Enquirer: 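Structure incoming, see below.
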Amino acid sequence: TFDTRGSTSLGSTEPADAPRLLSREEVSAQTKTALVEVIEGSSFFIPGGSKSVHMAWWGKKSAKPWQQNKVGDGQDITEKLKAVLGVGGFMVNASINSLGDPCPGNRKKLVLSLWPPDADRPEDLFVPGVVVWIYRYCGSLQGAIVPCDTPALRRIWCDKRMVTDHSKLAYHRALLTVRAFRARKRTVRWKSFAEAGEYCPCCHSVFDWRSTTRSRKQRSVWMTNCRACGQVVCTSCSSMRQSDQDAGIIEPARICDSCAWRGPDGGAALQRLPEIFAASLA
């Protein structure tokens, strides 16, 4: 039985225009759905909201829904009704203001084919309230306010940081990182693994030179990005960790040896190393 809160009672003394459940013989045996008629001007409570709607038809009261009627007798409004209900809506009003007017000047009815509340189908669960999605971006974190039904949030990704990333302290640090990243003074161009080539720009060796096996998948395990310059280097050349406030990185993160040993003058300091070594030997 469908809940009819907010609408006219379905008892024996119901008025002619009250929503009524059709007989069991009219319930589709194939889809196991129940048919409900709602006369124009009435309201009906749909348990489960838009997820319970299988089909919906709106048209002339004397017409037969979902059959070859004359043009202007009515139309299927399944998608339109789901859009009207949206996420969290349960009450439908059978009126031209919300459903349109496919047959002007005629008394109309709304016919619903609804899944029963106890149907064997998965229920969609959503996080209530405002959802702030914090995601990894270019070695740091970025955040955005997203709808609760965002596809990327509808799947649980098993990750080694899945538990530690959802503690109270982790949330606090993540929000601070997002704020620092948005206030960064310089932007680091993040180089993808596909653009990296075959050799590490620091040691000029193949990325998986320490690996005992050779495969494309194994090669990516030995690759990482420098958080200071964005270059792809091998893991052996990125053992140093350092924060970079100008780039919006407040937690110590991997940087390559070139950035770690670069002096205040940048690359010019490295070019003076032969001169320094020669002076020490003299």
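Since the model is a prediction, treat every value here as computed from it, not as a measurement.
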Enquirer: Within the structure provided, determine whether Lys51 and Lys82 are in side-chain contact (heavy-atom separation under 4.5 Å).
Expert: no
Enquirer: Any side-chain to backbone donor/acceptor pair from Lys108 onto Ala94? Under 3.5 Å, distance only.
Expert: no
Enquirer: Please confirm whether the backbone N or O of Val163 pairs with a side-chain atom of Asp165, one donor and one acceptor, at under 3.5 Å?
Expert: no
Enquirer: Okay, side chain of Ser98, backbone of Asn93: is any donor-acceptor separation there less than 3.5 Å?
Expert: yes
Enquirer: Hey, what's the ring geometry for Tyr135 with Tyr137, parallel, tilted or perpendicular (30° and 60° as the breaks)?
Expert: perpendicular
Enquirer: Roughly how far, to the nearest 0.5 Å, is the CD atom of Glu40 from the CG atom of Asn106?
Expert: 9.5 Å
Enquirer: Name the orientation class of the two ring planes belonging to Phe45 and Phe90 (parallel below 30°, tilted from 30 to 60°, perpendicular beyond 60°).
Expert: parallel
Enquirer: Pairing donors with acceptors under 3.5 angstrom, does anything connect the side chains of Thr78 and Asp76?
Expert: yes
Enquirer: Using side-chain heavy atoms (C-beta onward) and a distance below 4.5 Å, is Ile250 in contact with Arg173?
Expert: no
Enquirer: Please list, chain by chain and in numerical order, all residues satisfying side chain to side chain contact (heavy atoms under 4.5 Å, CB included) with Ser62, sequence neighbours excluded.
Expert: Lys60
Enquirer: Among Arg186, Lys185, Arg254, find the residue that satisfies the salt bridge (charged side-chain N to carboxylate O under 4.0 Å, His left out) test when tested with Asp244.
Expert: Arg186
Enquirer: Could you check if a side-chain atom of Gln231 sits within less than 4.5 angstrom of a side-chain atom of Cys256, using non-hydrogen atoms only?
Expert: no
